[in-house]
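For reference, the structure is listed below as structure tokens.
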Amino acid sequence: MEDEVFEQIVSVFNALVSWVAAGAMVFGGVVPYIPQYRDIRRTQNAEGFSTYVCLVLLVANILRILFRFGRYFETLLLWQSIIMIGTMLIMLNLCTDVRMATELNTKRRSFIDFDWNYFWSWSRFMDYVQCVLSFTLVAAYITYLLLDSSLFVETLGFLAVFTEAMLGTPQLYCNFQNKSTEGMSIKMVLMWTSGDTFKTGYFLLTQAPVQFWTCGLLQVFVDIAILFQVYYYSRYPQKPVSHTVSHTTSAKAL
């Protein structure tokens, strides 16, 4: 009798752990952007956050969803991608509104201008939506045509996770240009690091495709590099950038 009770307790505990792990996988990637979102709303300044982070995650998760049509992976990872796409669109909407409110005299740019110099620096949120939809349709069409090619499918999976592994590089470069991490949420980066570490361990334990865990390790390395920037620029403050240079940098970062 006691053995049966013990087995039931263990079964319930295992189920609870599985649910917690599943919830962490689906929503854990969103949590780091909550403090950054709040900081931008509070300060009405988005210069410290590179919206190219949003671009990287949008591309990575769209490619991951398309990869699933060629090679099945867990439904949890599919939902993770869908929720992350929604989160990045919300971040883009906020950053665009803040930038346009603070740069009233800036010439309006749109996606249909097809000006590469202002790629991902458009004036309206709908321009970003148009770009994302265009990329999705083109990528989906190519995937449909080449879905029978195992080489294409495996390459698609690698591109999806490798692009996501490069998530931190726009922020890394933005910090390097500004010679500062001011305006960037340190909580966000700490959550990136812990989340990516957990995610990589999850990939290893669940025997996910090799592309997932190898690029997960790369992502953790980039997170650590950003944390080093936080330490370095706080301990050794760089020479303040002039107003003109700062404005140019923020335009590129956004």
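Hydrogens, waters and symmetry mates play no part in the numbers below; they use all other heavy atoms, side chains included.
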State the [atom1]-[atom2] distance between [X] and [Y], to the nearest 0.5 angstrom.
X      : Y      : atom1 : atom2 : result
Asp97  : Ile40  : CG    : CD1   : 11.5 Å
Cys131 : Asp127 : SG    : CG    : 9.5 Å
Ile226 : Ile186 : CD1   : CD1   : 11.5 Å
Thr143 : Leu156 : OG1   : CG    : 5.0 Å
Ile83  : Leu78  : CD1   : CG    : 10.0 Å
Met126 : Asn93  : CE    : CG    : 10.5 Å

Sequence neighbours left out, what passes ring pair (Phe, Tyr, Trp, His ring centres under 6.0 Å) with Phe114? Give chain and number order.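 Ring pair (Phe, Tyr, Trp, His ring centres under 6.0 Å) check on Phe114 returns Phe111.
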Applying ring pair (Phe, Tyr, Trp, His ring centres under 6.0 Å), name anything that partners Phe119, two or more places apart in sequence or on another chain.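 Applying ring pair (Phe, Tyr, Trp, His ring centres under 6.0 Å) to Phe119 gives Trp116, Trp122.
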Between [X] and [Y], is any pair of side-chain heavy atoms under 4.5 Å apart?
X      : Y      : value
Leu145 : Tyr141 : yes
Arg99  : Ser121 : yes
Leu172 : Met166 : no
Ile65  : Ile85  : yes
Phe135 : Leu63  : yes
Cys95  : Phe49  : yes
Gln229 : Met184 : no
Leu92  : Phe125 : yes

Please say whether more than 12 non-hydrogen atoms of neighbouring residues, nucleotides or ligands are located less than 6.0 Å from [atom1] in [X].
X      : atom1 : result
Phe152 : CZ    : yes
Tyr118 : OH    : no
Gln44  : CD    : yes

Considering non-hydrogen atoms only, spot the tightest contact between [X] and [Y] and give its length.
X      : Y     : value
Leu57  : Met84 : CD1-SD, 3.8 Å
Cys54  : Met88 : CA-SD, 3.6 Å
Val132 : Ile62 : CG1-CD1, 3.8 Å
Val98  : Asn45 : CG1-N, 3.7 Å

I'd like to know if the side chain of [X] and the backbone of [Y] have a donor-acceptor N/O pair within less than 3.5 Å.
X      : Y      : answer
Asn175 : Gln171 : yes
Ser123 : Arg109 : yes
Asp113 : Ser110 : yes
Trp120 : Thr51  : yes
Asp115 : Asn117 : yes

With side chain to side chain contact (heavy atoms under 4.5 Å, CB included) as the test, would you mind laying out the steps for Trp192 and Val222 before giving the verdict? CA-CA 10 Å; Trp192 275 355; Val222 175; over 6 Å; no
Determine, using the 4.5 Å side-chain heavy-atom cutoff (strictly less than), whether Leu137 and Leu159 are members of one ILVMFWY cluster.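 No.
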According to a 4.5 Å side-chain heavy-atom criterion applied to Ile, Leu, Val, Met, Phe, Trp and Tyr, with indirect links allowed, do Trp79 and Leu58 form part of one hydrophobic cluster?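 Same hydrophobic cluster.
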Mind checking side-chain hydrogen bond (donor to acceptor under 3.5 Å, both in side chains) for Glu154 and listing every partner two or more places apart, or none if nothing turns up?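 side-chain hydrogen bond (donor to acceptor under 3.5 Å, both in side chains) check on Glu154 returns Arg71, Gln211.
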I'd like to know whether the aromatic ring centres of Tyr33 and Tyr37 sit less than 6.0 Å apart in this structure.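 When the ring centroids of Tyr33 and Tyr37 are compared, they turn out to be at least 6.0 Å apart.
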